[in-house]
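This report refers to the structure that appears directly beneath it.
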Amino acid sequence: MDILHIPPDQTFSTLLNNYNYHLALRYFLYNASIVLTALLWGAGLIGQLLNYSPSSEKNRIHLCSLSFFCISVGLALIIFTLFLLAWAKYLTPEGVVIAFSFISFIALASIYFNKKNISETIISPSGFINNFTTFLLVLLLAAFQATAITSAGIGDCTSYHAPYADFLLKNLGLGVAPEHLIYPFHSLNINIFYSLGLMIQHDISYIQTMHALFATLSMFGIYAFCIETKQQRFIAMLVPFFFAHIFTIKFSRFFANVDLGSTYFMLACIFALYLWADRKTLWLLVISAINFGMAIGAKYIICVFAIPVALYICIQERRSSMRPLLVFAAWGAIFGLYLSLIHI
């Protein structure tokens with residue numbers, strides 16, 4: 001199927017009647033594989049970062065929160081790897097398999113050698129109710145993700161994002177894109193992520209589910225935040241679905257844009273920064289910076305948050321030391337500016 005083909009007879013009103021359960025299951029398994037890879041890579045990097053944070057009770061976070069951060073950092077590493085492959089003109093299935101296999105091996109080794117640090121950081125849920133509610137939420141999020149499959153939406157996804165991802169594939173990486181593919185408000189990280197999707201399934205309907213995946217993961221992050229701040233489980237279960245009911249979120253799930261990606265990474269940034277302000281552990285600050293850089297790499301407009309975030313770090317530090325701000329700026333630049341400056 002041509003990724004720019006829009007079936008004229010499939011609209012939102014006919015989505016249920018035309019729902020392809022086999023295709024939805026295949027797309028779900030593809031996305032689950034990406035999430036598990038991100039979880040593995042993120043755990044590997046966070047395991048290394050924990051070596052630079054003293055082991056203490058303040059360093060511990062809930063299992064859901066750590067999983068959320070591992071996935072966000074892992075997605076950042078996946079996109080960073082795709083960028084390096086694109087820069088080297090080796091954005092091919094063979095290049096992706098080799099790079100992903102090599103990094104997965106390194107991540108497994110990192111987890112093995114840092115398993116003590118990781119286990120000491122986790123606050124595992126205890127009790128049947130706590131475990132059941134988390135399991136139930138995961139099932140509901142899986143069902144929520146499975147409903148994202150639909151026909152191609154008309155707009156930026158068919159005129160810019162999907163064609164740009166397709167251009168990267170056909171060009172085997174970065175190159176001088178046609179003028180109609182230069183979008184002034186968007187940088188490249190989500191589009192490079194979509195190129196992986198088109199490599200897996202050359203159909204715009206699949207990368208639409210990749211965009212919806214950011215909303216699903218954001219809901220999981222909101223749940224983790226509620227648990228981390230000791231909210232009641234009932235409240236923690238409800239709040240993510242209030243988020244999903246916001247019209248812009250609900251509507252954007254059916255388009256292959258970048259908005260939910262920037263929302264997801266910014267949410268992870270704020271969550272990690274909130275925990276850092278309370279615990280002052282380096283690894284949380286680094287995670288916040290990585291996600292902030294990725295948010296900028298999704299949409300330039302996120303740059304307006306740079307000043308409030310910098311002020312918040314300075315206020316929380318309450319010292320003349322600029323080290324936390326410099327650490328945040330350095331990691332944010334590594335994971336953000338390399339993509340944000342490409343179109344300038």
Side-chain angles (χ1 to χ4, degrees), residues 32 34-78 103-104 106-127 130-138 141-142 213-214 216-231 233 236-237 239-240 264-295 327-328 331 335:
I34 291 174
V35 170
L36 290 175
T37 302
L39 182 65
L40 174 67
W41 291 18
L45 178 58
I46 289 176
Q48 288 294 324
L49 292 174
L50 289 173
N51 289 322
Y52 301 94
S53 297
S55 179
S56 66
E57 189 63 28
K58 276 196 167 185
N59 206 33
R60 302 183 71 202
I61 64 173
H62 196 275
L63 176 62
C64 289
S65 302
L66 184 61
S67 300
F68 174 69
F69 290 140
C70 285
I71 292 171
S72 68
V73 171
L75 287 174
L77 291 174
I78 287 174
I103 297 174
S104 295
I106 294 176
L108 284 171
S110 175
I111 293 171
Y112 176 78
F113 288 111
N114 295 288
K115 57 186 176 182
K116 182 180 178 182
N117 289 339
I118 296 174
S119 63
E120 290 176 349
T121 303
I122 297 173
I123 301 176
S124 300
S126 58
N130 292 339
N131 288 298
F132 177 75
T133 53
T134 301
F135 176 72
L136 179 61
L137 179 84
V138 172
L141 291 180
L213 181 64
F214 289 116
T216 304
L217 293 174
S218 296
M219 293 169 67
F220 180 67
I222 292 170
Y223 172 79
F225 179 81
C226 292
I227 297 300
E228 198 67 50
T229 54
K230 297 179 171 50
Q231 303 296 322
R233 290 279 171 164
M237 288 285 291
V239 173
Y264 167 72
F265 285 117
M266 197 63 207
L267 186 149
C269 166
I270 294 171
F271 184 9
L273 198 61
Y274 171 84
L275 293 181
W276 168 81
D278 179 55
R279 302 163 194 212
K280 298 297 190 296
T281 53
L282 177 66
W283 71 279
L284 287 169
L285 183 66
V286 172
I287 287 174
S288 179
I290 290 173
N291 283 287
F292 186 71
M294 294 305 296
V327 169
F328 187 93
W331 281 90
F335 281 86

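Values below: all heavy atoms of this structure, side chains included; hydrogens, waters and symmetry mates excluded.
Classification of the Phe225-Phe271 ring pair by plane angle, with boundaries at 30° and 60°, yields perpendicular.
The NE2 atom of His62 sits 14.0 Å away from atom OG1 of Thr121, with the distance rounded to the nearest 0.5 Å. Between Ile118 atom CD1 and Cys70 atom SG the span is 7.0 Å, to the nearest 0.5 Å. We find the CG-CD1 distance between Leu49 and Ile287 to be 6.5 Å, quoted to the nearest 0.5 Å. We find the CZ-OH distance between Arg279 and Tyr274 to be 8.5 Å, quoted to the nearest 0.5 Å. For the atom pair CH2 of Trp331 and CG of Leu282, the computed distance is 8.5 Å after rounding to the nearest 0.5 Å. Between atom CD1 of residue Ile78 and atom CD1 of residue Ile103 there is a gap of 9.0 Å, rounded to the nearest 0.5 Å.
Here Ala277 pairs with Tyr312, Gln316 under the side-chain contact (heavy atoms from CB on, under 4.5 Å) rule; sequence neighbours left out. Residues passing the side chain to side chain donor-acceptor pair (under 3.5 Å) test with Ser67: none are found, sequence neighbours excluded. Shown here are the side chain to side chain donor-acceptor pair (under 3.5 Å) partners of Ser288, two or more places apart in sequence or in another chain: there are none.
A heavy-atom distance below 4.5 Å is found between the side chains of Leu275 and Ile61. Inter-residue side-chain proximity for Phe220 and Cys64 is flagged as met; some heavy-atom pair is nearer than 4.5 Å. With a 4.5 Å cut-off on side-chain heavy atoms, Ile290 and Phe265 do not count as touching.
Of all heavy-atom pairs spanning Ile227 and Ala236, the tightest one is CD1-CB, 3.8 Å. Across all their heavy atoms, Asn117 and Leu50 have their closest contact at O-CD1, 3.7 Å. Residues Ser110 and Gly44 approach most closely at OG-O, 2.5 Å, considering heavy atoms. For the residue pair Met294 and Ala76, the shortest heavy atom distance occurs at CG-CB, 3.5 Å. The nearest pair of heavy atoms linking Ala295 to Met266 is CB-N, 4.0 Å.
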Take Ser104 and Trp41, measure what side-chain hydrogen bond (donor to acceptor under 3.5 Å, both in side chains) needs, and give me the verdict at the end. CA-CA 6 Å; Ser104 295; Trp41 291 18; 3.0 Å; yes
Using the rule given for side chain to side chain contact (heavy atoms under 4.5 Å, CB included), can you reason through Phe69 versus Leu284, listing the C-alpha separation, both sets of side-chain angles and the distance that settles it, and then say yes or no? CA-CA 9 Å; Phe69 290 140; Leu284 287 169; 4.1 Å; yes
Before giving the answer on side chain to side chain contact (heavy atoms under 4.5 Å, CB included), spell out for Leu45 and Val286 the whole-Å C-alpha distance, their side-chain angles and the decisive distance to 0.1 Å. CA-CA 11 Å; Leu45 178 58; Val286 172; over 6 Å; no
Run the side chain to side chain contact (heavy atoms under 4.5 Å, CB included) test on Leu75 and Leu217 for me, step by step, so that the C-alpha distance in whole Å, both residues' side-chain angles and the decisive distance to 0.1 Å come before the verdict. CA-CA 11 Å; Leu75 287 174; Leu217 293 174; 3.8 Å; yes
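Aromatic rings of Phe68 and Tyr264 (six-membered ring for Trp) have centroids within the 6.0 Å cut-off, being under it.
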